[in-house]
Visitor: 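Right, I'll just put the structure down here and ask away after.
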Amino acid sequence: MSGALVPRRPWRDRRIVQGVSGGIAAYKSVQLARDLTRLGAQVDVVLTRGATRFVTPLSFEALTGRKVLTELFSADGAAMHIRLGVEADAVCVAPATADLIARAAAGRADDLLTTTLLATRAPVVICPAMNDRMYAHPQTTRNLAYLQDELGYAVAGPATGPLAFGEGEGPGRMLEPPDIVEHVGRALEKDAFLAGRQVLITTGPTREPVDPVRFVGNRSSGRMGHALARAAWRRGARVTLVSGPTHLARPPGVQRTRVATAREMLDAVAEAIPRADVVIFAAAVADYRPARARSGKIKRARESASLSVELTANPDVALDTLPLRKPGARVVGFALETDDLLARARTKMERKAFDLIVANHARGPGGGPFGERNAVTLLAPDGPPEELPLMPKDEIAEAVLDRLDGAPARRFSQASS
Ligand code: CTP
């Protein structure tokens, strides 16, 4: 994930049991507890006996402000496992060692964490972390498959990379805490309206080559589209993100197709749009490209004070793929303007057949659309414009999806047929 760690949907005011078992990755679970807490969740950490060899309860207590639990049989622990399990909105085990996974798959209840797993009916996220040979063993494969396929647990990771000191590299690393936060977010959104839907999002700038080292582009960062992709995935969607050049990391769970030019973006969208139930055009596509990209680097001409590059019109991705849209698909566009914001946004919405348009001012508060935050107005074919205050892009993404969620069900329900 990215963006500010401030209380927000879907973590805000939710109860999360974070189980920690005894692997070296336990040190990263301290950051996970901190991040979830900063996002507004109430985090109850449960350590296995093995985990206490790697991390202390005090570290977690200082970050969550809540008592850490380790013992099944203690004076205040009586029935704690039941209470924790019943009250949890999600349970996340990070790291989940091979032993913890085996015990969970066998239905054991020999410590507070496994007992809580049996008591809860909340969604469970398991984040495996172990040596690559242990991970590859058929016992572990079978146990994980059982947890996933039979019990409906989400298995997040492992990642591939350097393991503990002396162990080399391979699959077995625990996911990084920001990625686990997203998986927990998806678990918290379990019944979200986008569950199982196909969502297609364009984002970022395009780069139109002038010569092998130069391009015509714009200041778009891709942050808005990446925030939308994260939010849609958390709400259960299968997300395809067609992204122009950005330095942003691929959001977990999202299929990202990287493109450079408007024509490449058009091809990628044309391929994916017939299957999409929701399409969001958040990219800042260059309307023009150099008519002829030079094959060699343009040299400075000493005798000439100017250089002209002829531009030619690019395809309009949203407009040109209009006939390919799935019947009933809901389509969102963006409008970036310097003048006459709402009138022009409305015209674009009609011309490009959008169900919703996100209008923003190039010189708006907070630096306009180019920063971490933005102030936008949501405009639909009917109803008054909804002006949103300056807010982080992650929250704008939630607001856009909320509008789709609340939109008339008639058109959207057709989208799934
Ligand atoms: N868009 C697109 N392909 C283009 C230009 C725009 O898909 N070549 C999409 C954008 O992603 C956005 C919407 O169309 O959702 C409007 O984009 P914007 O650049 O504001 O408007 P334009 O239609 O390009 O009009 P103008 O440049 O005249 O403002």
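These numbers come from a predicted model, not from an experiment. All ligand and atom numbering here is 1-based and tracks the order in the structure.
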Visitor: Going by the side-chain hydrogen bond (donor to acceptor under 3.5 Å, both in side chains) test, which pairs reach into residues 136-150, not counting sequence neighbours?
Guide: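 Listed by first then second residue: Q139-R142.
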Visitor: Is there a salt bridge (Lys or Arg N to Asp or Glu O under 4.0 Å) between D99 and R103? Walk through the geometry before answering.
Guide: CA-CA 6 Å; D99 177 63; R103 289 191 290 127; 3.1 Å; yes
Visitor: Which protein residues have a heavy atom closer than 4.0 Å to any atom of ligand 1, listed by chain and number?
Guide: F281, A283, V285, D287, P315, D316, V317, A318, G333, F334, A335, L336, K348, R351, K352
Visitor: Look at the aromatic rings of F281 and F354 and report parallel, tilted or perpendicular, splitting at 30° and 60°.
Guide: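 The rings of F281 and F354 sit tilted, inter-plane angle from 30° to 60°.
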Visitor: Would you call D89-R14 a salt bridge at under 4.0 Å N-O?
Guide: yes
Visitor: Quick one: do the H226 and R256 side chains pair a donor with an acceptor below 3.5 Å?
Guide: yes
Visitor: With distance as the sole test, does R223 use its side chain to make a donor-acceptor pair with the main-chain N or O of S220 at under 3.5 Å?
Guide: no
